[in-house]
Amino acid sequence: MRFRRLSLLLLPLAAIIAGLAVWGPEALAEYRDKDILNQIKAQDAETGTEGYRYSLSGSEKLYILSKCLNNQILPESKQNAIAREDGLDLDYQELTGTYALVVNRKDSSGQEVTEARGIELCDRALAELKELGIIPESVRAVNERAYTAVRYSAIDVPEPKNNVLVWKISLDTGLQTANRDNRLLDAYVDADTGKVYEFYVRIEASSWDEVDPDGIIGAWAEYMGLEAPQEYEGTNPLSETTPYFKKYVFAGMEEGTTIVTVGFYEGIQELFLKISR
């Protein structure tokens with residue numbers, strides 16, 4: 001009798017368990033789907049970059065750009081001509097040589113980058129150089145009316161993942177009557193960090209004695225995140241078109257080094273810091 005009663009009690013329980021086994025997973029899935037389907041959710045994701053671009057240290061970027069500047073053929077290299085002919089899209093397979101400097105006016109989404117972006121970046125960089133005492137406070141701001149900007153990719157051709165994106169900012173040569181006193185004339189500016197690799201600027205100092213090259217290179221090295229420079233030994237006095245200069249050496253990539261020159265042209269009162277020859 002007791003066994004029969006127990007069986008009668010277990011039958012509904014067994015039916016409930018069987019029902020859950022059949023319909024439970026489907027009902028649970030529907031419940032979860034309600035929280036997912038027809039809902040818009042934001043999620044961070046990695047997007048495409050400027051092809052072949054890896055993270056490089058400051059000394060590596062300096063070395064690559066220096067090599068590219070020293071290997072380009074002026075007024076326009078073959079690599080630049082290739083970039084212009086195919087709509088400014090970079091084709092690394094077409095590049096020749098070891099280092100190439102090619103025009104690159106498009107961002108990672110394929111949109112053309114305006115000159116205004118580079119000029120604005122350079123103006124901010126100029127203000128920072130003034131604060132650090134690398135160039136005098138008297139140097140005038142950079143603006144769109146007086147300057148041109150071209151964006152380049154400096155590429156290690158055998159290893160195209162090693163490349164640096166830079167803006168070249170220049171005082172517009174079409175402004176024949178432009179007053180160049182206390183003006184930035186040319187500069188190479190990192191398109192990612194806004195750091196200035198090279199510059200030529202007219203200043204108020206009238207002689208080399210008023211320039212402190214060691215102070216300038218020390219402040220610039222710290223600003224760039226580089227190790228302290230060493231004075232370059234065995235400098236050829238005829239290596240520059242001015243007798244007023246001093247050269248320094250920085251570590252580059254592998255066993256290579258980068259030579260940086262601080263110099264001054266008396267008469268036109270032009271100060272420069274350059275990583276090219």
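Position 1 is the first residue of the sequence, and the numbers go up from there.
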So, D190 versus Y197: side-chain donor-acceptor pair below 3.5 Å or not? yes

Specify the closest pair of heavy atoms between A149 and I169, including all atoms of both residues, with the distance to one decimal. CB-CD1, 3.5 Å

Assess, by modelled atom type and distance only, whether the side chains of E266 and S206 contain a donor and an acceptor separated by less than 3.5 Å. no

Can I217 be reached from V249 by stepping across I, L, V, M, F, W or Y side chains whose heavy atoms are under 4.5 Å apart? no

Under a 4.5 Å cut-off applied to non-hydrogen side-chain atoms, are E144 and E115 in contact? no

Looking only at non-hydrogen atoms, find the nearest pair between K130 and R140 and report the distance. NZ-C, 4.3 Å

Testing the basics here: between P229 and F250, what is the closest heavy-atom pair and its distance to 0.1 Å? CB-CZ, 3.3 Å

Please find the pair of heavy atoms, one from F245 and one from S239, that lie closest to each other, and give the distance. CZ-OG, 3.8 Å

Side-chain donor/acceptor of N143 to backbone N/O of A146, under 3.5 Å: yes

Closest heavy-atom pair and its distance - L126, A141: CD2-CA, 4.2 Å

Scan side-chain atoms only and decide if Y99 and N70 contain a donor-acceptor pair under the 3.5 Å cut-off. no

Considering residues, nucleotides and ligands other than E210, do more than 12 of their heavy atoms fall under 6.0 Å from its CD? yes

Centre-to-centre under 6.0 Å for Y200 and Y265, is that the case here? no

Any chain of hydrophobic side-chain contacts (each under 4.5 Å) joining I259 to L69? no

Taking E204's backbone N and O only, do any of them form a donor-acceptor pair with Q269's side chain (distance below 3.5 Å, no angle check)? yes

In Å, rounded to the nearest 0.5 Å, how long is the span from CD1 of I275 to OG1 of T258? 7.0 Å

Is there a side-chain contact between D181 and S138, using heavy atoms and a 4.5 Å cut-off? no

Using a strict threshold of under 4.0 Å (side-chain N to carboxylate O), is an ion pair present between R124 and E120? yes

Which heavy atom of A154 sits nearest to which heavy atom of I64, and what is that distance? O-CG2, 3.7 Å

Does a donor on one side chain sit under 3.5 Å from an acceptor on the other, for K247 and T235? no

Are side-chain heavy atoms of T193 and K61 found at a separation under 4.5 Å? yes

Can you measure from CG (L62) to CE (M224) and round to the nearest 0.5 angstrom? 6.0 Å

Do the non-hydrogen side-chain atoms of Y223 and V196 ever get within less than 4.5 Å of each other? yes

To the closest 0.5 Å, what do you measure between NZ (K168) and SG (C122)? 12.5 Å

Check this for me, if you would: do E112 and K106 make a salt bridge, where the nitrogen-to-carboxylate-oxygen distance has to be below 4.0 angstrom? no

Would you kindly say whether S153 and N163 are connected by a side-chain donor-acceptor distance under 3.5 Å? no

Heavy atoms, side chains only, cut-off 4.5 Å: are F272 and V201 in contact? no

For the atom pair OG (S276) and CG (N71), what is the distance rounded to the nearest 0.5 Å? 11.5 Å

Within the side chain of E60, is there an N or O that forms a donor-acceptor pair under 3.5 Å with the backbone of S57? yes

Hey, are the side chains of K246 and T261 touching, using non-hydrogen atoms and a 4.5 Å cut-off? no

Determine, step by step, whether S170 and D186 satisfy the side-chain hydrogen bond (donor to acceptor under 3.5 Å, both in side chains) criterion, reporting the C-alpha distance in whole Å, the side-chain angles of both residues, the deciding distance to 0.1 Å, and the verdict. CA-CA 4 Å; S170 303; D186 286 290; 2.7 Å; yes

Taking the side chain from Y147 and the backbone from L184, do they hold a donor-acceptor pair closer than 3.5 Å? yes

Atom CH2 in W220, atom OH in Y248: separation rounded to 0.5 Å? 11.5 Å

Applying salt bridge (charged side-chain N to carboxylate O under 4.0 Å, His left out), name anything that partners R183, two or more places apart in sequence or on another chain. none

Sub-4.5 Å side-chain heavy-atom contact between V150 and V103: yes

Pairwise side-chain contact, I135 with I203, heavy-atom cut-off 4.5 Å (strictly under): no

